[in-house]
Amino acid sequence: MELPTSVQQVRIMDGFWNRFTALVRETVIPYQWEALNDRIPDAEPSYAIRNFRIAAGREEGKYGGMVFQDSDVAKWLEAVGYSLANHPDPILERIADELIELISEAQHTNGYLNTYYTIKEPGNQWTNLYEAHELYCAGHMIEAAVAYFTATGKRKVLDVACKLADYISTVFGGEPGKLRGYDGHQEIELALVKLFKTTGEQRYLKLAQFFINERGTTPNYLIEECKQRDGYSIWADKKIKLPTVEQLSYNQAHKPVREQEVAVGHSVRAVYMYTAMADLAHLTNDQGLLEASRRLWENMTKKQMYITGGIGSTHHGEAFSFDYDLPNDTVYAETCASIGLIFFARRMLELEVKSEYADVLERALYNNVIGSMSQDGKHYFYVNPLEVWPEASEKNPGRRHVKAVRQKWFGCSCCPPNVARLLSSLNEYIYTASTKDNAIYTHLFIGSEAQFKLAAGQVAMKQESRLPWEGYVKLELAAVTGAPFTLAVRIPSWCYGKAVMKINGAESSYEVTNGYATVNRLWNKGDIVEWEPALEAQWIAAHPQIRANAGKAAIERGPFIYCLEETDNGGSLSSISVIREANLQSHFDNELLGGAILVEAKGRLDDQTSWQADTPYRPLTQSRSAEPVIIKAVPYYLWGNRTPGEMSVWIRTCHE
């Protein structure tokens, strides 16, 4: 497959998504700039810009924040790059240029760039790859540089990134005198691939290969490095027990990547690594990496993914646990993990166009990712639960990571700028154009104008979409070639194969290829393809081994998963059952947070009134009949934007 279309080739014009892209451009990016500068009242300080000012010699002070605080600045700058590519803004560009000047001043003459080691531990660079995130921060800075250079053509930040990457290549590698190490938190690998694509310099691709190939080999570098430090940990600020090979599954460094069979460890580290593996499999035709990527994708998305597209089920290490262990109330499902999953899905689409990759991409995007940010763009979830009981979040230590309300900022604020950079680059995820197949693949149904280069020549197309609320898409060809080519439209999983295609008003047949409806023909300018996937609310059951959902059902309508909130259904959501035989009724509510389709159904509310306060248990025969109720469900992405209260995605079921 070819690479997906770039930001510059696709312009989003969509009734649903324009609101989000405008929110990021007009509110999120400016708000996050204020947060990075510690100017948000009552929010946790970032220290990030201040660290760069100290490292650059502009002011005196101590390092503040997490060891990886530089990465927040880099992700913000990357979001700015994507935003400027779509919407030029001289004021924002000036702010970014001033930041780039500051970053360049903080860079060492040899190319090294990391404010933690510059300020707090000068001279100790590269001595704690296991914990210190040096290459992780470098990777995010490289990604930012590529995005900003691509948008503006300005080389200053790209020169910073190349100088940094060139320096890293003198430190790491298989040659004598170099460190045969790799970062404890993957990120540099996928960033180097981007730098290679931008500059054409093979050394960056080879360095990415080295980091992937070296990971998990014997002797294990991270263990040997810990021995050199005599077990000292910057997190514990003392000597700790050396990690075992098995424990390094947390870093996906327990065995070589081609031998890994299941998704384990810290979920963000995993999907960033899988993204790089798929990148390299595509660019180098590495069949071992391809097979490993497929295998890890299968395990993660078929046995360890939530219905909302969340991954990483336990807050202990923000990690995967084991197959089908998907608790709803103690879930982690970090926002960054779903964003990394989207990165991985996109790279798999570049390797091979299969609808399952785009299905997962869409699921994570429409639910976990946009649900993590409030509708005002100024509050965020780090953890994305499927069940919330506010009192338990407040008083149960095992659930304090689950918040009932979004936060203004975090001491560890990796997620908010990650959301900004993804939504600012959403253009890149809608289509793939393949010169090899002479085909245009539509992955996401987002209104847009796009231009493509095929083997047959240039093609321009306009997409109009009524999704996510209605199952209707119109593709109009604005420019065509004089030779046949293929249009391929994803058959989304939520329509269960029921979809109608019309070409110029007449119903048309199509071939189904890997989950895409494909038509190859000689197209004419002005040809119109209408795509109508069935879109209706339906009950969804979970695999029997997902114990948390036994006897429960969730509501799905198109790309959205729905949930119950206390503000619509009263407290004690766990006392509600839905009637399996009941039809789901959908209607649009203009008053709900900018307008959304609500879903209602008949249900039962367990007897509440006959219980005495001091009687926790009694014979089942004493319970009265459940009271009939009408449940009201809202799209998951909107939860927590009104009165705080309980929330639940999965609902108990009963019979009529």
Side-chain angles (χ1 to χ4, degrees), residues 1-6 9-10 12 14 278 282 342 345-363 365 426-467 471-481 483-504 506-535 558-559:
M1 284 304 304
E2 304 297 319
L3 296 179
T5 49
S6 70
Q9 293 172 286
V10 180
I12 291 178
D14 184 87
H282 176 226
I342 288 172
R346 174 185 162 194
R347 298 326 195 275
M348 294 303 290
L349 281 169
E350 294 167 19
L351 273 166
E352 49 191 11
V353 176
K354 293 183 178 180
S355 62
E356 65 177 279
Y357 302 136
D359 285 335
V360 168
L361 193 162
E362 180 185 67
R363 182 180 297 275
L365 174 65
L426 185 58
N427 320 48
E428 296 186 344
Y429 296 82
I430 302 173
Y431 307 100
T432 298
S434 171
T435 54
K436 179 182 177 181
D437 299 338
N438 211 32
I440 298 168
Y441 296 88
T442 299
H443 307 307
L444 297 177
F445 306 117
I446 297 176
S448 49
E449 289 182 344
Q451 298 181 8
F452 310 97
K453 183 178 180 181
L454 300 178
Q458 292 289 130
V459 176
M461 187 171 73
K462 179 179 180 180
Q463 178 181 171
E464 295 179 16
S465 174
R466 296 179 191 167
L467 272 96
Y472 179 84
V473 179
K474 182 171 77 172
L475 304 172
E476 181 176 356
L477 290 163
V480 297
T481 70
F485 62 90
T486 298
L487 281 182
V489 185
R490 179 172 61 97
I491 305 171
S493 60
W494 43 260
C495 79
Y496 296 92
K498 296 184 290 184
V500 174
M501 178 181 285
K502 297 177 182 177
I503 298 179
N504 297 328
E507 189 166 331
S508 174
S509 60
Y510 53 81
E511 292 187 12
V512 178
T513 307
N514 292 326
Y516 284 77
T518 63
V519 177
N520 181 276
R521 57 177 273 177
L522 180 64
W523 298 93
N524 297 310
K525 181 179 179 180
D527 280 349
I528 292 175
V529 175
E530 295 171 282
W531 180 239
E532 301 176 14
L535 196 163

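Owing to the predicted nature of the structure, the values given are computational and were not obtained by experimental measurement.
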Peer 1: Quick check: does any side chain N or O of Asp437 sit under 3.5 Å from a backbone N or O of Ser434, one acting as donor and the other as acceptor?
Peer 2: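 Checking the backbone N and O of Ser434 against the side chain of Asp437, no donor-acceptor pair under 3.5 Å is found.
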Peer 1: Run Val529 and Lys474 through side chain to side chain contact (heavy atoms under 4.5 Å, CB included) and show every step you take.
Peer 2: CA-CA 6 Å; Val529 175; Lys474 182 171 77 172; over 6 Å; no
Peer 1: Could you tell me whether a side-chain N or O of Trp523 sits under 3.5 Å from a main-chain N or O of Phe485, the two making a donor and an acceptor?
Peer 2: yes
Peer 1: Compile the donor-acceptor pairs under 3.5 Å between side chains in residues 512-519 and protein atoms, sequence neighbours left out, one pair per line.
Peer 2:
unit_1 : atom_1 : unit_2 : atom_2 : d
Tyr516 : OH     : His443 : ND1    : 2.7
Thr518 : OG1    : Glu511 : O      : 3.3

Peer 1: How far apart are the closest heavy atoms of Leu361 and Arg346, and which atoms are they?
Peer 2: CD1-N, 4.1 Å
Peer 1: Can I get a per-line list of side-chain donor-acceptor pairs under 3.5 Å for residues 455-467, giving both atom names and the distance, sequence neighbours left out?
Peer 2:
unit_1 : atom_1 : unit_2 : atom_2 : d
Gln458 : NE2    : Phe452 : O      : 3.4
Gln463 : OE1    : Ile446 : N      : 3.0
Gln463 : NE2    : Tyr431 : OH     : 2.8
Gln463 : NE2    : Ile446 : O      : 3.2
Ser465 : OG     : Phe445 : O      : 3.0
Ser465 : OG     : Leu467 : N      : 3.1

Peer 1: Between Ile491 and Cys495, is any pair of side-chain heavy atoms under 4.5 Å apart?
Peer 2: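 Yes, close enough: below the 4.5 Å cut-off.
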Peer 1: Answer whether the closest heavy-atom distance between the side chains of Leu426 and Ile12 falls below 4.5 Å.
Peer 2: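 Side-chain contact under 4.5 Å: yes.
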Peer 1: Between Leu487 and Leu477, which heavy-atom pair has the shortest distance, and what is it?
Peer 2: CD1-CD1, 4.3 Å
Peer 1: Under the salt bridge (Lys or Arg N to Asp or Glu O under 4.0 Å) rule, collect the residues that match up with Asp14, sequence neighbours excluded.
Peer 2: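 Salt bridge (Lys or Arg N to Asp or Glu O under 4.0 Å) check on Asp14 returns nothing, list empty.
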Peer 1: So, using side-chain contact (heavy atoms from CB on, under 4.5 Å) as the criterion, who are the partners of Leu522 when residues are at least two apart?
Peer 2: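 For Leu522, the residues satisfying side-chain contact (heavy atoms from CB on, under 4.5 Å) (neighbours in sequence not counted) are Pro484.
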Peer 1: Any donor and acceptor pair, going by atom type alone, linking the side chain of Thr435 with main-chain N or O of Asn438 inside 3.5 Å?
Peer 2: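 No: the side chain of Thr435 does not pair with the backbone of Asn438.
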Peer 1: Identify, with sequence neighbours excluded, every residue that meets side-chain hydrogen bond (donor to acceptor under 3.5 Å, both in side chains) alongside Ser493.
Peer 2: none
Peer 1: Tell me, which pairs form a salt bridge (charged side-chain N to carboxylate O under 4.0 Å, His left out) where one or both residues lie in residues 487-503, sequence neighbours left out?
Peer 2: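 Residue pairs passing salt bridge (charged side-chain N to carboxylate O under 4.0 Å, His left out), neighbours aside: Asp359-Arg490, Glu362-Arg490, Lys498-Glu536, Lys502-Glu532.
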